[in-house]
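Here's the structure, in structure tokens; my notes come after.
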Amino acid sequence: QVQLVESGGGLVQAGGSLRLSCAASGRTFSNYGWFRQAPGKEREFVAAIKWRGDMLFYGDSVKGRFTISRNNAKNTVYLQMNSLRPEDTAAYYCAAHSGPLTASIATEYTYWGQGTQVIVSS
């Protein structure tokens, strides 16, 4: 059974940092990604990483501030978020699929975690 479990969310002041983790179990996919969804808005692509290799892919709104990484030995994907802004406030979701790395639409992802909330105060 595939499971993706996010952790690391919380409340942080603008300009601060948080690191989200996504623990994966059950099977390995080619690509893992992070999405976020604010109240009343559509789910937005944040970043993606290949499980093997060096390829990364970021959404325009987080380039230069967020970094996606992985630890294959721990079956964990991370999202380091720096220089956080109030507009980064959202529920953050980990997802997985085996299609192209550049897939950035939520429906292209097969499995999802339950989400972790990030609140950035001004």
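Ile119 and Val46 fall into different hydrophobic clusters, where Ile, Leu, Val, Met, Phe, Trp and Tyr are joined by side-chain heavy atoms under 4.5 Å apart, directly or via other members. The cluster map of Ile, Leu, Val, Met, Phe, Trp and Tyr, joined by side-chain heavy atoms under 4.5 Å apart, puts Trp112 and Leu20 in different clusters.
Side-chain atoms of Phe35 and Glu42, non-hydrogen and from C-beta on, never get closer than 4.5 Å to each other. Contact of the Lys74 side chain with the Ser21 side chain is not registered, since no non-hydrogen atoms from C-beta on lie closer than 4.5 Å. Leu56 is not listed as a side-chain neighbour of Thr67, based on a closest heavy-atom distance of 4.5 Å or more.
Rounding to the nearest 0.5 Å places SG of Cys22 at 5.0 Å from CH2 of Trp34. Summarising the geometry, atom CG belonging to Asn82 is positioned 8.5 Å from atom CZ belonging to Phe66; distances are rounded to the nearest 0.5 Å. Distance OG/Ser121 to CG/Leu84: 10.0 Å, rounded to 0.5 Å. Distance check: Tyr58 OH to Leu79 CG gives 8.0 Å after rounding to the nearest 0.5 Å. To the nearest 0.5 Å, atom CE of residue Met81 and atom CZ of residue Arg19 are 11.5 Å apart. Interatomic distance, CG of Asn75 versus OG of Ser25, reported as 8.0 Å (0.5 Å rounding).
The ring pair (Phe, Tyr, Trp, His ring centres under 6.0 Å) pairs that include a residue from residues 74-102 are His97-Tyr109, where partners are two or more places apart or lie in different chains. Each salt bridge (charged side-chain N to carboxylate O under 4.0 Å, His left out) pair with one or both residues in residues 49-72, not counting sequence neighbours, appears once here: Asp60-Lys63, Arg65-Asp88.
A centroid separation of less than 6.0 Å is found between the aromatic rings of Phe45 and Phe57. Between Phe29 and Trp51, the ring centre distance reaches or exceeds 6.0 Å.
Here the shortest heavy-atom pairing between Pro86 and Ser122 reads CG-CB, 3.8 Å. The shortest heavy-atom contact between Val12 and Leu18 is CG1-CD1, 4.0 Å. Among all heavy-atom pairs drawn from Ala24 and Leu4, the shortest one is CB-CD2, 3.7 Å.
Side chain of Thr89 to main chain of Val120: a donor-acceptor pair is present (N/O by atom type, distance under 3.5 Å, no hydrogens or angles). A donor-acceptor contact shorter than 3.5 Å links the side chain of Glu6 to the backbone of Gly115. For the pair Gln117 (side chain) and Ala90 (backbone), a donor-acceptor distance under 3.5 Å is present.
Neither side chain, Ser61 nor Arg85, offers a donor N or O lying under 3.5 Å from an acceptor on the other.
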